[in-house]
Number of protein chains: 2
Amino acid sequence: MTEPLDQFDRNILDIVQRDCQMKAEAVGEMIGLSASAVQRRLKRMREEGIISAEIAVVDRKVAGNPMTFIAGMEIERENYDALAKFRTWVDKQDHIQQVYYVTGSVDLVAIITAQDVGQYDEITAQIMSQNPQIKRIHTNVVLKSVKLGMFVPTQS
Amino acid sequence: MTEPLDQFDRNILDIVQRDCQMKAEAVGEMIGLSASAVQRRLKRMREEGIISAEIAVVDRKVAGNPMTFIAGMEIERENYDALAKFRTWVDKQDHIQQVYYVTGSVDLVAIITAQDVGQYDEITAQIMSQNPQIKRIHTNVVLKSVKLGMFVPTQS
DNA sequence: ATGCACAACGCGGAATTTGCGCGCAAGCGC
DNA sequence: GCGCTTGCGCGCAAATTCCGCGTTGTGCAT
């Protein structure tokens, strides 16, 4: 289905993961390929889902959500499709950036942005009330975002 | 410095946060603005840093890093610039996607991608050896990424 | 095994099309 | 009336498509 990436693909991904608006010609110069070849490969990787999205990263403070919280949640493990239901629900919650289903003392870890603690409180209240399978929420307040990003290494 | 966003700006950000390759004309149609106006606003928001980056999101599995870990770390709190040093170091570590400095039972929370547990072990070993101020690491293995993204709500 | 013909693939470059980036005059709000 | 921002038009840069070529790999006959 999706055959392995060659070195050119990896180099292209390394670049567009940092700046996806770069001109194909500039990319081609960096990696030793023509502009049309770069565009062909980009198109292919987009179609195959290797590049799943191309997104703008917006400053949290300017957007009015200066605060970040990390919420660890306990869920009913037995009920497996509780997780599926939670997934569809959480997809629509814009303040919940990321959710991971994990091993350990909590079952779910969520990265949540909010305007202030009051709004965060409202969000957690909604999580609890609209998802009875969530038993408890442990909150960590983020004092500083040391590093942010979605970069994935491609070089083996 | 950076005056507040109006409704047009917010609508543009909502769109480009999901797809930053969309044509300005298409964006303009959605929000009721001409293409050139959209481009002007995008340029301004890029220059002001409201849009801090535009990046391609790459599939983790295809990139050869199918596993994700959430690492909670304990650090020497007294030494404040220990955090600054850690920041500069961690910026260069491609496998460490995100790092948050938090309140609670741990001081730092990191999202880390790896090929397998063996590679993750190497990464944590490097963290410990190259950052003596890190005292201990608590690892949570991610069984499933329920939601991923960097979306920030802009509508108040 | 060796040599050859041929199909498949991906490249670079040219031609075409598309979208961007400016200047400008008009319109809206303060 | 004075900003500021919009919409429009034009020139140009970039993306897309098309085409010819070289390389690779496969099958077949020698």
Side-chain angles (χ1 to χ4, degrees), chain A residues 1-59 61-64 150-156, chain B residues 1-59 61-64 150-156:
Chain A
M1 180 101 283
T2 158
E3 63 278 359
L5 309 170
D6 66 10
Q7 195 57 44
F8 285 129
D9 289 331
R10 284 186 228 277
N11 290 339
I12 291 172
L13 289 177
D14 271 6
I15 293 169
V16 295
Q17 276 192 94
R18 295 189 170 86
D19 180 6
C20 68
Q21 302 285 13
M22 186 169 289
K23 317 293 177 193
E25 193 185 349
V27 177
E29 264 180 48
M30 299 175 88
I31 66 172
L33 220 54
S34 74
S36 55
V38 172
Q39 279 159 352
R40 264 193 301 265
R41 284 165 179 270
L42 279 173
K43 184 185 176 189
R44 196 198 69 230
M45 291 192 282
R46 280 192 265 250
E47 286 169 352
E48 291 180 0
I50 296 168
I51 294 174
S52 60
E54 284 159 280
I55 62 171
V57 180
V58 173
D59 185 282
K61 289 166 199 122
V62 180
M150 293 260 92
F151 189 88
V152 183
T154 57
Q155 313 288 347
S156 48
Chain B
M1 178 103 283
T2 159
E3 63 280 357
L5 309 170
D6 66 8
Q7 195 57 44
F8 284 130
D9 288 332
R10 285 186 228 275
N11 290 339
I12 292 172
L13 289 177
D14 271 3
I15 293 168
V16 296
Q17 276 193 92
R18 295 189 169 88
D19 180 6
C20 68
Q21 302 284 17
M22 186 168 289
K23 316 298 178 192
E25 192 185 348
V27 176
E29 265 179 48
M30 298 174 90
I31 65 172
L33 220 53
S34 76
S36 55
V38 172
Q39 287 178 108
R40 269 190 296 261
R41 285 165 180 270
L42 279 172
K43 184 187 176 189
R44 196 197 71 231
M45 291 193 280
R46 280 192 265 252
E47 286 169 353
E48 290 180 1
I50 298 168
I51 295 175
S52 60
E54 285 160 278
I55 63 171
V57 180
V58 173
D59 185 283
K61 288 168 198 120
V62 180
M150 292 262 91
F151 189 88
V152 182
T154 58
Q155 313 289 348
S156 46

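As the structure is a computational prediction, the values presented were derived from the model and not from experiment.
Taking atom CZ of Phe8(B) as the reference point, atom P of dC4(D) lies 18 Å away to the nearest angstrom. The interatomic distance linking Ile31(A) (CD1) with dG10(C) (C1') rounds to 14 Å, in whole Å. In this structure, Met22(B) places its CE atom 12 Å from P of dC20(C), rounding to the nearest Å. Between Leu42(B) atom CG and dG21(C) atom C1' the separation is 13 Å, expressed in whole Å. Glu25(B) has its CD atom 14 Å from the P atom of dG21(C), to the nearest Å. Atom NZ of Lys23(B) and atom P of dT17(C) are 17 Å apart (whole Å). Rounded to an integer number of Å, the gap from Lys43(B) NZ to dT5(D) C1' is 15 Å. Look at CZ on Arg44(B): it is 7 Å from P on dT5(D), rounded to the nearest Å.
dG3(D): no Watson-Crick or G-U partner with both key distances under 3.5 Å is found in any strand. In this structure, dC12(D) and dG19(C) make a Watson-Crick or G-U wobble pair, each of the two defining distances being under 3.5 angstrom.
Among the atoms of the strands shown, none is found under 4.0 Å from any heavy atom of Ala35(B).
Between Arg46(A) and Arg41(B), it is Arg41(B) whose nearest contact on DNA chain D lies nearer the 5' terminus.
Judged by distance alone, with hydrogens and angles left aside, the side-chain atoms of Arg10(B) form a donor-acceptor pair with the main-chain N or O of Thr154(B) at under 3.5 Å. Proximity of a side-chain donor or acceptor of Gln17(A) to a complementary backbone N or O of Val152(A) within less than 3.5 Å is detected.
Of the N and O atoms on the side chains of Ser52(A) and Asp59(B), not one donor lies less than 3.5 Å from an acceptor on the other residue. Side-chain contact check for Gln21(B) and Glu54(B): no donor-acceptor pair (N or O, by modelled atom type) lies under 3.5 Å.
Between the side chain of Ser36(B) and the base of dC8(D), at least one donor-acceptor pair of N or O atoms lies under 3.5 Å. Applying the 3.5 Å distance criterion, the base of dG7(D) shares a donor-acceptor pair with the side chain of Arg40(B).
With a glycosidic angle no more than 90° from 0, dG3(D) adopts the syn conformation.
Contact record, Cys20(A) with Ile55(B): SG-N, 3.6 Å, taken as the closest heavy-atom pair.
Side-chain proximity of Leu33(A) to the nucleotides dA15(D), dG7(D), dC11(C) is greatest for dC11(C). In this structure, of dC11(C), dA14(D), dG7(D), it is dG7(D) that holds the atom nearest to the side chain of Ser34(B).
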